[in-house]
Amino acid sequence: MMIVESIRTGAIEIWSHKTRSFLSFAAIAFGVAAILYTFAHVNEMQKRTRETFELAGPGRININKKRQRGGEESPGLSKGLTSGDAVVIKKALPNLYMVSPHLSTWAEIQYQSFREHISVKGINLEWKKRNWLYTVKGRFFNQYDIDTAARVCILNEPGGWIEKPWWMRRAKKRWGWGNKFDEWVKRVELVGRKIKLNDQIFTVIGILKNPPQDKDPRWIGRDASVLIPLSTAQRYFNDQQRGGAYVPDALSDIVIDTGDENTVDTAMQRIKNILTVRHRGEEDFDLSDWREVVSQRLSRQKEQAIQILSVGIVAILAGGVGIMNVTLATIFSRIKEIGVRRAVGATRMDILSQFVTEAMMLGALGGIAGIAMGLVGIEKLARDGADKLEALLIWHYLATLGISVFAGFIFSIFPAYQASKLDVVEALRNE
Amino acid sequence: MIHLDNITKNYGSGETEFQALKGVSFEVPQGEYAAIMGPSGCGKSTLLNILGLMDGPTTGTYRLGGDRVDDLSDELRTGVRRDQLGFVFQSFNLLPRMTAVGNVALPMGYSRIGTEERLARANKLLKRVGLINRGSHTPLELSGGERQRVGIARALANKPDLLLADEPTGNLDSKTAVGIMNLFKELNAEGMTILVVTHDRAVADQADHVIHMMDGLVREEERR
């Protein structure tokens, strides 16, 4: 029979057994919603990874000072990670896009009645080359600040939220949960003011405003709360000792970007050689390749996606069995009708295709309901709902719809085949 | 039109085997109005199922319009049933969720006739059987006689060569039955070959050719 006719009969059947039909496609709908969510999740993940890569630099290498444990103190042959190391690396590998040495520490910040322990990081101008997402109030450091070890500082202001997650809002209301420094920086106009870091007076020359947290592609989040020139940090906040002597140009880490993903391996090898020689064989540093971090992160997320996806598939399978059940029930209650249709000239194929069409319509209904559920669910439940939805493409919707229609098809073939095999005379006799 | 030669039909096997038809032979020429009569259990319904190609005989040959149809595949049998035969049932067998027009148009759908033509022809047929303005009613909203008229219109949908009817007045009161009988007579007058299975002497009386059956055999044929 013609498809239009099958569809019409199917629609009448589905409509006249609303509860039965609804129950059979509900499971499909859940499955579709889960699959759609997975698609959104995976896409969003890939998008963020790309952005992070672009921001962090494709050829990123981190060199971190190894923490010294008690009883394993360095014999003093190596001075640890120093500015000298950074200079030599830069000289030996002049093609590196960025070599950014840092010294990180903690200090007490004081301004009028405000007092708080915060993280401080000494940087130089190279720092600006990567992860730059900020809007600057006031100014950034210049070479003069670095050369003269000026007591100037830049405060790192949080980006806030476009829309704060509900649980954070509630936590803040209940337990006063939040960061005092963040609120202070946001509240008080500080550019040009003098603040105290430990017992040194610093002038605030600028404020770096972060992007809103719901749009921030970085995984690790914000950098240190207060930035000062590296030379200043080494002069006033340096407590590195090796073999009983101070190390005046100590660093806590160096971040390198080779500028190209393909040169990472060779660059890492060379840096390792240089540092091993300079540190006189003492392995008091850690070299890590950014790609490893990324790939670990990705594989973790992929696992998660597979889990959601398998839940979706199981739900669709369950829904398919539901459709099979409903098709069987429909056929049992319509044996007489099958007989009449066969008697007036329907072939076995006509009967088969009619029931399969009906089941596919149920599948499609489930798919549409699932997409609606998925859209509402992602929008309302996911913290970054808007981004997730944006990441969905038209073919994701079509694919999920296709999967559910296909489930209807597959699971109805067997019962529909049974129906088409009914004996005409027997079927007509059925009441 | 119909040519039956020594048709037998067995049900079951071994000990429980039962012979419903024991060698039935008769002819119904083109344009004839024939009736089969006999007590229940004489094999009338079995014979009608075979004539209507809904069941096959165990042995014997069945020619319809000159072609052998007893050994066709299910697919081909369905095709003959659809295009050459019209079937009128005792209990009407209309689809309850469809309108009268839909029911009449149903066989045309299976022979792939376009929607517009189907509806036009269905309406014309309803008019032919005397059901003007009842096309949009479902069977539940129609009286017994009206339902049977819809059933006859449906049987005529694909312009069949032969109209088969199984106790067409069996579920109707005598007054309504007369109307249906007249309709059959009119159709026959227009050239339709008709074969009716009936208990009702009055129905048989208007046929040209009455076949009396007993215990799976033709006992007597009378022609008028």
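Below, all heavy atoms of this structure are taken into account, side chains as well, without hydrogens, waters or symmetry copies. Since we're looking at a predicted model, the values are computed, not measured. Protein chains get the first letters and strands the later ones, always in sequence-line order, with residue 1 at the start of each.
Note on A/Val424, A/Ile12, A/Val340: by heavy-atom pairs under 4.5 Å with chain B, the leading option is A/Val340. Taking chain A as the reference chain and counting heavy-atom pairs below 4.5 Å, the highest number among B/Arg77, B/Arg82, B/Glu75 is found for B/Arg82.
In this structure, the side chains of A/Arg341 and B/Leu95 come closer than 4.5 Å at one or more pairs of heavy atoms. Counting heavy atoms from C-beta on, the side chains of B/Arg97 and A/Thr9 never come closer than 4.5 Å. In this structure, the side chains of B/Ser45 and A/Arg429 stay at 4.5 Å or more apart for every pair of heavy atoms.
More than 12 heavy atoms of other shown residues, nucleotides or ligands fall within 6.0 angstrom of atom CD in B/Glu190. The 12-atom threshold is exceeded at CZ of B/Arg68, counting heavy atoms of other residues, nucleotides or ligands nearer than 6.0 Å. Within a 6.0 Å radius of CZ in A/Phe414, other residues, nucleotides and ligands contribute 12 heavy atoms or fewer. The environment of CZ in B/Phe92 is crowded: more than 12 heavy-atom neighbours from other residues, nucleotides or ligands sit within 6.0 Å. Within a 6.0 Å radius of CZ in B/Phe26, other residues, nucleotides and ligands contribute more than 12 heavy atoms.
Applying the side-chain contact (heavy atoms from CB on, under 4.5 Å) test between A/Val344 and each of B/Arg81, B/Arg154, B/Met108 identifies B/Arg154 as the sole match.
Residue A/Arg342 touches chain B through both its backbone and its side chain, counting heavy-atom pairs closer than 4.5 Å. With a 4.5 angstrom heavy-atom cutoff, B/Asn49 touches chain A only via side-chain atoms.
The two residues B/Asp55 and A/Val425 make their nearest non-hydrogen contact at CB-CG2, 4.2 Å. Between A/Gly345 and B/Tyr110, the closest heavy-atom pair is O-CB, 3.6 Å.
Remark: A/Asp350 engages B/Arg112 in a salt bridge, criterion side-chain N to carboxylate O under 4.0 Å.
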